[in-house]
Amino acid sequence: DSGVTQTPKHLITATGQRVTLRCSPRSGDLSVYWYQQSLDQGLQFLIQYYNGEERAKGNILERFSAQQFPDLHSELNLSSLELGDSALYFCASSVGTGVYYEQYFGPGTRLTVT
Amino acid sequence: GQQLNQSPQSMFIQEGEDVSMNCTSSSIFNTWLWYKQEPGEGPVLLIALYKAGELTSNGRLTAQFGITRKDSFLNISASIPSDVGIYFCAGQLRKSGGGADGLTFGKGTHLIIQP
């Protein structure tokens with residue numbers, strides 16, 4: 001158990017809908033990262049927040065957004081969902097921001113868009 | 001963006017054999033990491049490497065940060081059934097002005113242990 005929690009574990013929704021994925025980092029960690037894992041693209045970095053502020057952006061679609069709240073939990077919002085958004089979404093956390101801080105991954109949320 | 005080439009894609013080995021896998025990149029990274037993922041779970045950090053040339057062990061696992069900063073390898077000695085899973089390499093690059101980009105992952109090596 002990494003100490004990172006994600007809810008829900010599974011989510012099934014229809015095209016065009018909007019969903020929110022939630023992540024609670026390990027105790028003491030200030031950074032949260034979101035990743036998408038799909039069969040064709042593999043594991044891809046989406047976005048990072050550190051202590052409530054956006055710090056790095058990867059291959060995140062404009063239909064997707066995220067935020068980190070004062071209690072440090074983070075939410076990833078996915079809107080106007082398409083079939084291709086079906087994937088595993090992972091949250092990872094680390095103590096700080098930078099190359100010397102190891103990232104620990106949560107169990108993921110499996111999103112199925114029908 | 002940066003891409004990591006991880007090989008082999010899959011490995012079929014006998015229990016007790018040693019395993020070797022590697023990752024190469026066309027550009028440098030400041031940090032190399034190795035993760036293992038099992039079905040239905042998130043990636044689990046195995047080894048983190050921070051310095052070119054660094055060789056680090058974690059039990060039966062040994063990994064090295066290539067001297068050119070563009071490659072890394074992971075060795076597993078005397079494999080056991082619980083080593084089955086997908087192994088991912090990941091690189092991270094420092095950003096100018098502080099902080100770092102997110103991790104860039106390889107496509108993974110599927111390790112399968114034959115009875």
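Residue numbers start from 1 in every chain, and the chains themselves are labelled A, B, ... in the order their sequence lines are given, proteins ahead of strands.
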Engineer: Using heavy-atom distances under 4.5 Å, tell me whether A/Gln41 contacts chain B through its side chain, its backbone, both, or neither.
Structural biologist: backbone
Engineer: A/Tyr35 side chain to B/Leu103 main-chain N or O, any donor-acceptor pair under 3.5 Å?
Structural biologist: yes
Engineer: Just give me the residue among B/Gln92, B/Lys95, B/Glu41 that pairs up with chain A most often, heavy atom to heavy atom, under 4.5 Å.
Structural biologist: B/Gln92
Engineer: Supply the members, apart from B/Ile112, of the Ile/Leu/Val/Met/Phe/Trp/Tyr cluster built from side-chain contacts under 4.5 Å; use none for a lone residue.
Structural biologist: B/Phe12
Engineer: State yes or no: do B/Ile86 and A/Leu88 share one hydrophobic cluster built from I, L, V, M, F, W and Y residues joined by side-chain heavy-atom distances below 4.5 Å, directly or via other members?
Structural biologist: yes
Engineer: Contact part of A/Tyr100 toward chain B, heavy-atom cut-off under 4.5 Å: side chain, backbone, both or neither?
Structural biologist: both
Engineer: Would B/Ile113 end up clustered with B/Ile76 when hydrophobic side chains under 4.5 Å apart are linked, directly or stepwise?
Structural biologist: yes
Engineer: Sort A/Asp1 into side chain, backbone, both or neither according to what part of it lies under 4.5 angstrom from a heavy atom of chain B.
Structural biologist: neither
Engineer: Who among B/Pro43, B/Gly108, B/Gly99 has the most heavy-atom pairs with chain A under 4.5 Å?
Structural biologist: B/Pro43
Engineer: Is there a side-chain contact between A/Glu102 and B/Tyr50 in this structure, where contact means two heavy atoms from C-beta onward sitting under 4.5 Å apart?
Structural biologist: yes
Engineer: Quick one: what part of A/Lys9 sits under 4.5 Å from any heavy atom of chain B, side chain, backbone, both or neither?
Structural biologist: side chain
Engineer: With a 4.5 Å cut-off on heavy-atom pairs, point out which of A/Gly58, A/Gly98, A/Pro107 contacts chain B the most.
Structural biologist: A/Gly98
Engineer: A quick test of your reading: do over 12 heavy atoms of other residues, nucleotides or ligands sit less than 6.0 Å from CG of A/Leu39?
Structural biologist: no
Engineer: In terms of heavy-atom pairs under 4.5 Å, which option from A/Gln48, A/Lys57, A/Gln37 contacts chain B the most?
Structural biologist: A/Gln37
Engineer: What I'd like to find out is whether the side chain of B/Thr104 reaches to under 4.5 Å of the side chain of A/Phe45, using heavy atoms alone.
Structural biologist: no
Engineer: Are there more than 12 heavy atoms of other residues, nucleotides or ligands under 6.0 Å from atom CD of B/Gln9?
Structural biologist: no
Engineer: Same hydrophobic cluster for B/Phe73 and B/Phe65, using side-chain heavy-atom links shorter than 4.5 Å among ILVMFWY?
Structural biologist: no
Engineer: Heavy-atom distance under 4.5 Å to chain B: side chain of A/Gln103, backbone, both or neither?
Structural biologist: both
Engineer: With respect to chain B, which residue among A/Gly108, A/Ala56, A/Gly42, A/Ser31 yields the maximal number of heavy-atom pairs within a distance under 4.5 Å?
Structural biologist: A/Ala56
Engineer: Hydrophobic cluster membership, with links at side-chain heavy-atom distances under 4.5 Å among I/L/V/M/F/W/Y: are A/Leu72 and A/Val95 in one?
Structural biologist: no
Engineer: Would you find a donor on one side and an acceptor on the other, under 3.5 Å apart, between the side chain of B/Thr31 and the backbone of A/Val99?
Structural biologist: yes
Engineer: Taking CZ in B/Arg69 as the centre, count heavy atoms belonging to other residues, nucleotides or ligands within less than 6.0 Å. Is the count above 12?
Structural biologist: yes
Engineer: Does atom CD of B/Gln14 have more than 12 heavy-atom neighbours from other groups under 6.0 Å away?
Structural biologist: yes
Engineer: Below 4.5 Å from any heavy atom of chain B, which atoms of A/Tyr50 appear? Answer side chain, backbone, both or neither.
Structural biologist: neither
Engineer: Whether the side chain of B/Lys107 engages the backbone of A/Leu43 through a donor-acceptor N/O pair (distance < 3.5 Å, no angle test) should be reported.
Structural biologist: no
Engineer: Who among A/Tyr33, A/Phe90, A/Tyr101 has the most heavy-atom pairs with chain B under 4.5 Å?
Structural biologist: A/Phe90
Engineer: Identify whether A/Ile60 and B/Leu93 are in the same connected component of the hydrophobic contact network (ILVMFWY, side-chain heavy atoms under 4.5 Å).
Structural biologist: no
